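Because the structure is predicted, anything quoted here is derived from the model rather than measured. Letters A, B, ... are given to chains in the order of the sequence lines, protein chains preceding strands, and every chain is numbered from 1.
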Amino acid sequence: MNRRYKREFYLDDVLQVAPALLGQHLVRQQPDGTRSVYTITETEAYRGEDDLACHASRGRTRRTEVMFREGGLLYIYFIYGMYWMMNVVTGATGTPQAVLIRGLREASGPGRLTRLIGMDGSYYGEDLVTSSRIWIEPAGNTPPFKAGPRVGIDYAGDPWKEKPWRFLVTDEG
DNA sequence: AACACGATTTCG
DNA sequence: GAAATCGTGTTT
């Protein structure tokens with residue numbers, strides 16, 4: 001049975017969606033129907049053109065274009081010459097926001113988890129609401145978590161580098 | 001056309 | 001502490 005989140009869930013503000021994703025299930029489905037389920041344990045919010053840590057703050061480019069679209073799409077990008085980063089676009093059309101998936105119970109670290117679940121540039125713009133190969137399902141209530149500064153974005157300066165927009169499950173409940 | 005650098009990971 | 005490694009955005 002497919003209990004995936006519908007569009008409405010992703011249209012909320014990124015500061016609502018990022019923590020709400022903690023503890024929920026990321027589902028991958030192979031062409032033969034085989035499914036793998038992973039539990040989200042760490043997320044980070046990137047919020048709008050004002051947020052200097054958010055790629056959308058440099059404007060609408062070929063890479064960031066999908067963030068300006070409706071919530072529920074995937075924003076995938078390549079960094080450091082070797083890692084794919086996976087983000088879930090949130091908010092209504094015209095409000096560029098995204099949630100970086102930083103950790104799964106099965107693999108900690110944004111670069112590691114994309115390698116584990118086979119995520120790459122071919123998923124850029126994939127719609128979690130309609131895709132047959134990846135989506136997210138609610139798994140229950142949000143587990144206990146803590147918030148802290150985002151990682152690797154000191155270049156953004158104040159006040160952005162201080163925003164407690166990194167969300168981390170504290171207990172494997 | 002050339003250049004600088006990054007929402008990271010790994011190794012020493 | 002530093003290398004690995006290349007797409008993207010910016011400058012020439």
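- Legend: residues meeting side chain to side chain contact (heavy atoms under 4.5 Å, CB included) with Thr93(A), ordered by chain and number and at least two apart, are Glu70(A).
- Scored by the salt bridge (charged side-chain N to carboxylate O under 4.0 Å, His left out) test, Asp12(A) finds no partners at all (sequence neighbours excluded).
- Stretches of at least 3 consecutive Watson-Crick or G-U wobble pairs, with each checked distance under 3.5 Å, appear in DNA chain B as B:1-6 with C:6-11, B:8-11 with C:1-4.
- For Asp154(A), the salt bridge (charged side-chain N to carboxylate O under 4.0 Å, His left out) test picks out no residue, with sequence neighbours left out.
- At least one donor-acceptor pair closer than 3.5 Å links the side chain of Arg7(A) to the backbone N or O of Gly71(A).
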Exercise for review: Produce a footprint string for nucleotides 2-12 of chain B: one letter per nucleotide, 5' end first; B if the base is under 4.0 Å from any protein heavy atom, S if only the sugar-phosphate is, - if neither.
Suggested key: ----BBBBS--

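- Listed by first and then second residue, the ring pair (Phe, Tyr, Trp, His ring centres under 6.0 Å) pairs involving residues 13-50 of chain A amount to none (not counting sequence neighbours).
- The minimum heavy-atom distance between Ala98(A) and Met67(A), with the atom names listed, is CB-SD, 3.8 Å.
- Pairs of residues two or more places apart, or lying in two chains, that qualify as side-chain hydrogen bond (donor to acceptor under 3.5 Å, both in side chains) and include a residue from residues 159-168 of chain A are Glu42(A)-Arg166(A).
- The span of DNA chain C lying next to chain A, judged by atoms under 4.0 Å from heavy atoms, is bounded 5' to 3' by dA4(C) to dG9(C).
- Applying a 4.0 Å cut-off to non-hydrogen atoms, none of the residues of residues 14-26 of chain A approaches DNA chain B.
- Residues satisfying the side chain to side chain contact (heavy atoms under 4.5 Å, CB included) test with Pro138(A), not counting sequence neighbours, are Arg3(A), Tyr5(A), Gln24(A).
- Identified under the ring pair (Phe, Tyr, Trp, His ring centres under 6.0 Å) test for residues 78-110 of chain A, with sequence neighbours left out: Phe78(A)-Trp84(A).
- Sorted by first and then second residue, the side-chain hydrogen bond (donor to acceptor under 3.5 Å, both in side chains) pairs involving residues 49-64 of chain A (not counting sequence neighbours) are Asp51(A)-Arg150(A), His55(A)-Tyr75(A), Arg60(A)-Glu65(A), Thr61(A)-Thr64(A).
- Side-chain atoms of Arg133(A) and Gln29(A) form no donor-acceptor pair, as typed in the model, at a separation below 3.5 Å.
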**Study point:** Evaluation steps, salt bridge (charged side-chain N to carboxylate O under 4.0 Å, His left out), between Glu44(A) and Arg102(A)
**Key:** CA-CA 7 Å; Glu44(A) 262 177 10; Arg102(A) 289 193 58 88; 3.7 Å; yes

